[in-house]
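No hydrogens, no waters, no symmetry mates; every other heavy atom, side chains included, goes into these values.
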Amino acid sequence: MSNLLAYLPQSSIACLSIALASVLYLAVTSRDGIIPGPAIAAHDYIPIVYVTAAAVLLYYIFLFNQSYVVFAEFFKAKKAYREKKIEEKPSIQGFKYGSGNINILAANRCAGNFNEQLAPFLLGLYLYATFVSVKGAATYGWAWLFFRSYYLYVFKRGVPSLFLSTIPAYCCVWAMIGGTVYDVSSK
């Protein structure tokens with residue numbers, strides 16, 4: 001196994017980051033107006049499509065980051081083993097599935113937590129756009145993505161820093177789902 005393997009997830013992260021930046025650009029420069037009320041036609045969901053695409057791209061960035069971090073930490077340990085700084089020969093499986101390494105744990109939790117939160121987020125996003133407001137859903141959606149984007153960094157710092165990512169993101173989801181339930185029950 002060559003150190004070149006570490007470049008495969010890095011190149012994927014770079015490509016996905018360019019795609020994410022492109023989606024952000026399209027969302028900002030879109031000539032389609034964002035309607036303030038609920039979606040009426042399929043065309044009204046265009047801002048939500050941009051948020052959804054950005055969420056999926058960010059998810060894949062986090063997944064490829066998991067691979068990158070495992071390879072990087074494995075190759076560091078392999079070098080230390082060759083230089084006789086550690087006694088036990090490292091294995092890629094040991095690093096991928098339980099090394100106790102904080103960088104790997106943070107990358108795993110970043111992707112895992114995003115995955116855990118993605119279904120409620122998307123459900124809330126589309127419910128809110130359908131029953132309450134496309135503009136509100138897009139606003140909550142972009143805010144949620146922002147709060148999720150730095151989870152990796154605050155995870156390494158622990159609590160209470162971690163709450164700077166999780167609590168605002170949860171509030172976005174709760175606001176969309178709660179706002180939808182309130183709106184449909186009050187009609």
Side-chain angles (χ1 to χ4, degrees), residues 6 8-30 34 39 44-73 96-97 101-182:
L8 181 61
Q10 278 183 314
S11 64
S12 297
I13 291 167
C15 291
L16 291 165
S17 297
I18 291 167
L20 180 57
S22 298
V23 169
L24 289 170
Y25 174 78
L26 290 171
V28 169
T29 62
S30 176
I34 300 177
D44 297 336
Y45 286 99
I46 290 174
I48 305 307
V49 170
Y50 291 138
V51 173
T52 303
V56 171
L57 289 166
L58 188 58
Y59 177 56
Y60 276 98
I61 288 169
F62 290 157
L63 289 177
F64 280 106
N65 186 59
Q66 277 183 295
S67 295
Y68 166 71
V69 170
V70 167
F71 282 132
E73 296 298 321
K96 187 164 176 74
Y97 301 108
N101 180 301
I102 185 62
N103 294 325
I104 294 172
L105 176 63
N108 287 343
R109 286 311 311 141
C110 184
N113 192 272
F114 194 90
N115 184 45
E116 293 159 6
Q117 298 302 316
L118 191 57
F121 165 69
L122 290 174
L123 178 65
L125 183 72
Y126 280 89
L127 285 173
Y128 201 82
T130 301
F131 293 103
V132 182
S133 167
V134 172
K135 185 176 183 176
T139 301
Y140 282 127
W142 289 116
W144 184 85
L145 285 167
F146 171 74
F147 296 129
R148 301 307 311 172
S149 70
Y150 57 85
Y151 181 90
L152 176 69
Y153 305 104
V154 294
F155 181 88
K156 291 180 186 181
R157 298 186 66 157
V159 173
S161 295
L162 183 61
F163 295 148
L164 295 172
S165 172
T166 56
I167 291 176
Y170 296 157
C171 288
C172 289
V173 173
W174 297 334
M176 288 187 293
I177 292 174
T180 302
V181 170
Y182 176 79

Worksheet entry | Closest non-hydrogen atom pair, I34 against P47 | CG1-CG, 3.6 Å
Item to complete: With side chain to side chain contact (heavy atoms under 4.5 Å, CB included) as the test, would you mind laying out the steps for V154 and F147 before giving the verdict?
Response: CA-CA 11 Å; V154 294; F147 296 129; over 6 Å; no
Fill in: side chain to side chain contact (heavy atoms under 4.5 Å, CB included) between E116 and R109, intermediate numbers included
CA-CA 10 Å; E116 293 159 6; R109 286 311 311 141; 3.2 Å; yes
Worksheet entry | Pairwise distance CH2(W142) to CG(L24) - rounded to 0.5 angstrom | 4.5 Å
Discussion item. Would Y170 and V173 count as a side chain to side chain contact (heavy atoms under 4.5 Å, CB included) here? Give the steps.
Written reply: CA-CA 5 Å; Y170 296 157; V173 173; 5.8 Å; no
Item to complete: Report the distance from atom CG of N115 to atom SG of C110, rounding to the nearest 0.5 Å.
Response: 11.5 Å
Worksheet item: Can you say whether the rings of Y59 and F114 are parallel (under 30°), tilted (30 to 60°) or perpendicular (over 60°)?
Response: parallel
Discussion item. Testing the 3.5 Å rule here: is there a donor-acceptor pair between the side chains of Y126 and T52?
Written reply: yes
Item to complete: Starting from the C-alpha separation in whole Å, work towards a yes-or-no answer on side chain to side chain contact (heavy atoms under 4.5 Å, CB included) for L118 and W144.
Response: CA-CA 10 Å; L118 191 57; W144 184 85; 4.1 Å; yes
Discussion item. Please report the interatomic distance CD(Q117) to OH(Y151), rounded to the nearest 0.5 Å.
Written reply: 9.0 Å
Worksheet item: Got a second to check how far L16's CG is from L63's CG, nearest 0.5 Å?
Response: 9.5 Å
Practice prompt. Determine whether the aromatic ring centres of Y128 and W174 lie less than 6.0 Å apart.
Written response: no
Worksheet item: Which heavy-atom pair separates A27 from Y50 by the least distance, and what is that distance?
Response: CA-CD1, 3.6 Å
Worksheet item: Do Y150 side-chain atoms and L164 backbone N/O form a donor-acceptor pair below 3.5 Å?
Response: yes
Worksheet entry | Shortest non-hydrogen separation from I48 to A129 and the atoms involved | CG1-CB, 3.8 Å
Item to complete: Mind listing the closest non-hydrogen atom pair of L58 and L20 along with its distance?
Response: CD1-CD2, 4.4 Å
Response to the item:
Looking only at heavy atoms, the pair that brings Q66 and A107 closest together is CG-O, 3.4 Å
Practice prompt. To the nearest 0.5 angstrom, please state how far the CE atom of M176 sits from the CG atom of L125.
Written response: 5.5 Å
Item to complete: For T130 and Y45, test the side chains for any donor-to-acceptor distance below 3.5 angstrom and give the result as yes or no.
Response: yes
Fill in: Euclidean distance, S30 OG relative to Y25 OH, rounded to 0.5 Å
11.0 Å
